Amino acid sequence: MNTDSTSFPSLWKSLFGMYCPKCRKGKLFQPIQWGRPSSFFEMRKNCENCSQSFEPEPGFYFGAMFISYALNTVLFIAVWVAYSTLVEEFSILELLLLIGMSALLLLPVFFRLSRSIWITIFVPFQGKNQSANS
Ligand SMILES: [Zn+2]
């Protein structure tokens, strides 16, 4: 392994920490303001570190819906398995309520995570090249 690889966050840390995929240093999203729930969904326009655009083209994040769909499917299955192993008397209404509540609670997380995954697919990491030039 290259020694300077330690100075950059790993791909997973960048994905789940929601960092710029190009430099892995700038944040993708605005800081969360707890008094203003819409702040959960506010993305920065550009990277504060490398000025990579976070919306390379209009409708760029349309495809992130499919990532979100996959994440929700995993959540539904996880809740279903957990519920059916932990609860003796199976109630479809309770299960649906649990799934609905957990999906609602995780909506901001899945929104951010699916966008982070989506932009990381299309914008390659160039951090190491930048450090070599400077
Ligand atoms: Zn950046």
Side-chain angles (χ1 to χ4, degrees):
M1 279 300 270
N2 200 327
T3 48
D4 70 352
S5 66
T6 52
S7 58
F8 291 97
S10 71
L11 172 65
W12 297 110
K13 203 173 170 191
S14 167
L15 263 182
F16 290 101
M18 290 148 206
Y19 286 98
C20 166
K22 190 174 171 188
C23 66
R24 295 184 185 165
K25 296 212 168 173
K27 282 282 198 182
L28 282 173
F29 289 91
Q30 301 286 2
I32 293 167
Q33 295 169 283
W34 293 102
R36 208 167 49 86
S38 67
S39 69
F40 281 107
F41 304 100
E42 285 170 2
M43 236 180 150
R44 297 177 195 265
K45 288 201 169 20
N46 297 88
C47 176
E48 58 197 348
N49 184 53
C50 69
S51 70
Q52 163 70 38
S53 170
F54 290 155
E55 182 141 18
E57 55 191 73
F60 177 73
Y61 291 104
F62 181 77
M65 278 195 328
F66 298 104
I67 309 272
S68 180
Y69 181 76
L71 291 172
N72 275 298
T73 305
V74 171
L75 172 74
F76 291 178
I77 293 169
V79 170
W80 188 2
V81 168
Y83 178 80
S84 54
T85 46
L86 294 174
V87 178
E88 297 265 322
E89 286 178 49
F90 192 90
S91 154
I92 193 80
L93 186 69
E94 272 180 26
L95 176 63
L96 288 176
L97 275 172
L98 266 176
I99 288 175
M101 273 163 44
S102 47
L104 203 64
L105 276 173
L106 287 171
L107 180 74
V109 178
F110 282 178
F111 176 86
R112 287 183 167 218
L113 191 58
S114 59
R115 285 188 167 213
S116 177
I117 293 171
W118 190 251
I119 196 169
T120 303
I121 292 171
F122 291 100
V123 177
F125 176 53
Q126 290 174 10
K128 285 177 186 120
N129 298 341
Q130 283 175 348
S131 72
N133 293 338
S134 62

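It should be emphasised that the depicted structure is a prediction, and the values quoted were computed from it without experimental measurement. For the numbers below, each heavy atom of this structure counts, side chains included, while hydrogens, waters and symmetry mates do not. Whatever order the structure lists ligands and atoms in, that order sets their numbers, starting from 1.
Contact of the Leu11 side chain with the Phe125 side chain is not registered, since no non-hydrogen atoms from C-beta on lie closer than 4.5 Å.
Using bins of under 30°, 30° to 60° and over 60° for the plane-to-plane angle, the ring pair Trp12/Phe16 lands in the parallel bin.
The cluster map of Ile, Leu, Val, Met, Phe, Trp and Tyr, joined by side-chain heavy atoms under 4.5 Å apart, puts Leu93 and Leu86 in different clusters. The hydrophobic clustering, which links ILVMFWY residues whose side-chain heavy atoms are closer than 4.5 Å, places Leu107 and Leu113 together.
The heavy-atom pair separating Pro21 from Phe54 by the smallest distance is CD-CE2, 4.5 Å.
When each of Trp34, Phe111, Phe110 is checked for a ring-ring contact (aromatic ring centres under 6.0 Å, His included) with Phe40, only Trp34 meets the rule.
Around the Zn ion (ligand 1), the protein contributes the following N, O or S atoms under 2.8 Å, ordered by chain and number: Cys20 SG, Cys23 SG, Cys47 SG, Cys50 SG.
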